[in-house]
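Below you'll find the structure, written out as structure tokens, and then a few comments.
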Amino acid sequence: MPELPEVEIVKRALEPVLLERPLRKLQFNRADLRFALPGDLPDKLAGRTITSISRRGKYILAFADNDHGFVLHLGMSGVIRIEHPEEQSDQKHDHVVWAFDEGPRIVFNDARRFGFLQAVHVEDWQDSAPFNAMGPEPLGNSFNGEYLAEALSGKKASIKSALLDQRVVAGVGNIYDCEALYMSGIDPRRSAGSLSAQECEKLAHAIKTVLALAIEKGGSSLKDYKHTDGNLGYFQHHFAVYDREGDPCPKSGCPCGTDNGVQRIVQHGRSTFFCPYVQN
DNA sequence: CGGCAAACCTGCGAGC
DNA sequence: TGCTCGCAGGTTTGCC
């Protein structure tokens, strides 16, 4: 589930349950996820209170009142469950548990284990990888057409893959990459450096729009998520092209409707979905 | 250095 | 029913 909007939604859901509650125990159910889990972190955080939560790209950061904290990445299949005492259940692939003296606990479940949790300190987290090379937040003011034109300048790789580079812009993944390129009418196969200033402006705007809309939709169905125990997929019904191979694209009267519809191609090992008429 | 394939790991749906 | 294959929202590594 995790691109920027989903991570933002998880971050917002964590705020009321993780903040300002003394953490009884940070429990690791195995020694490693994608990377080794920080074995000394539970001792640093036991009995402490988390005082801040933030998001950077697809990463969630949380710091305790002693300036120690953790950074969490959900990988491809990572899911956070917030479980009230009467609804706690241990499930396969529950790797990390945040336990409190009372009230809900927090569980990180990740079947594929592409996700990870690492220790960070408030003083220096920004100086270490990947944060020291990460591009701007797409919803922030510093991300705009002018920045994008500069960042893409001279790049020979396709615009599709350039947007997946977290050094160009933080938090865009395969879905919103496809959606933003559709929204801006840009062919995903074009080289990144070939985009005009006007196209960069359009694309930057489309990225902001699609991400903001996804956060809005995701937020509205977060209640369902909490009650249905892990059933996700809030925004999927709003995709214009992603995972819609063969369907007519949403543009009314688009010739793709009487042709082959939305096309799927593979670029650098990842699926790209696009409408060859809208995006040219 | 830029670009790209492969690797990491498990689960699920399609097809036989 | 059960097997194999291909595919999955991400990132890192190593090779040209």
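Order of the sequence lines fixes the chain letters, A, B, ..., with proteins taken first and strands second; residue numbering starts at 1 for each chain. Quick caveat, the model's predicted, so the values are computed rather than measured.
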Expressed in whole Å, how much space separates the P atoms belonging to B/dC9 and C/dG14? 15 Å
So what does A/Y242 hit on the nucleic acid, given a heavy-atom distance under 4.0 Å: a base, only sugar-phosphate, or nothing? sugar-phosphate
Rounded to the nearest Å, what distance is computed from the CZ atom of residue A/R264 to the P atom of nucleotide B/dA14? 15 Å
Could you pick out which residue, A/F116 or A/R112, lies toward the 5' side of DNA chain C when each is mapped onto its nearest nucleotide? A/R112
What I want to find out is whether A/D94 reaches A/R81 closely enough, with some N-O distance under 4.0 Å, to be called a salt bridge. yes
Does C/dT11 have its OP1 or OP2 closer than 4.0 Å to a side-chain nitrogen or oxygen of A/H73? yes
Separation between NZ (A/K25) and CG (A/L45), nearest 0.5 Å, reads 13.5 Å
What is the distance from CE of A/M76 to P of C/dT12, rounded to the nearest Å? 14 Å
For A/F100, does its backbone N or O pair with a side-chain atom of A/E102 as donor and acceptor, under 3.5 Å? no
For DNA chain B, the residues among residues 149-183 of chain A that have a non-hydrogen atom under 4.0 Å from it: A/K155, A/K156, A/A157
Out of B/dA5, B/dT10, C/dG10, which nucleotide sits closest to the side chain of A/A111? B/dT10
A/L211 side, atom CG; A/E216 side, atom CD - distance, nearest 0.5 Å: 12.5 Å
What's the separation between atom CG in A/L163 and atom CD1 in A/I207, rounded to the nearest 0.5 Å? 5.0 Å
Aromatic stack A/F114/B/dC8: centroid gap under 5.5 Å, interplanar angle under 30°: yes
If we ignore angles and hydrogens, is there a donor and acceptor under 3.5 Å between the side chains of A/N174 and A/K160? yes
Does A/E3 come within less than 4.0 Å of A/K58, counting only side-chain N to carboxylate O? no
Transitive ILVMFWY cluster of A/M134 at side-chain heavy atoms under 4.5 Å: who else is in it? A/F35, A/Y59, A/L61, A/F63, A/V71, A/F116, A/V120, A/V122, A/W125, A/F131
Does A/R21 reach the side chain of A/P104, with side-chain heavy atoms less than 4.5 Å apart? yes
What is the distance, rounded to the nearest whole Å, between atom CE of A/M134 and atom P of C/dT11? 7 Å
Would you indicate which nucleotide in C/dG10, C/dT12, B/dC9 comes nearest to any side-chain atom of A/K58? C/dG10
Nearest-angstrom distance from the residue atom CG of A/D110 to C1' of C/dT11: 13 Å
Are there runs of at least three consecutive Watson-Crick or G-U pairs touching DNA chain C, with each pair's two distances under 3.5 angstrom? Give them by first number. B:2-8 with C:10-16, B:10-16 with C:2-8
Nearest whole angstrom, please: distance from the C1' of B/dG11 to the CD of A/Q91. 15 Å
If the cut-off is 4.0 Å, is A/S271 near the phosphate of C/dC7, judged by side-chain N/O to OP1 or OP2? no
A/H93 or A/R34: which one's nearest nucleotide on DNA chain B is closer to the 5' end? A/R34
For the pair made of CZ in A/R270 and P in C/dA8, what is the distance, rounded to whole Å? 8 Å
A/H268 side chain: which of C/dG10, B/dA5, C/dC7 is closest? B/dA5
Going by the angle between their ring planes, with limits at 30° and 60°, are A/W98 and A/F70 parallel, tilted or perpendicular? tilted
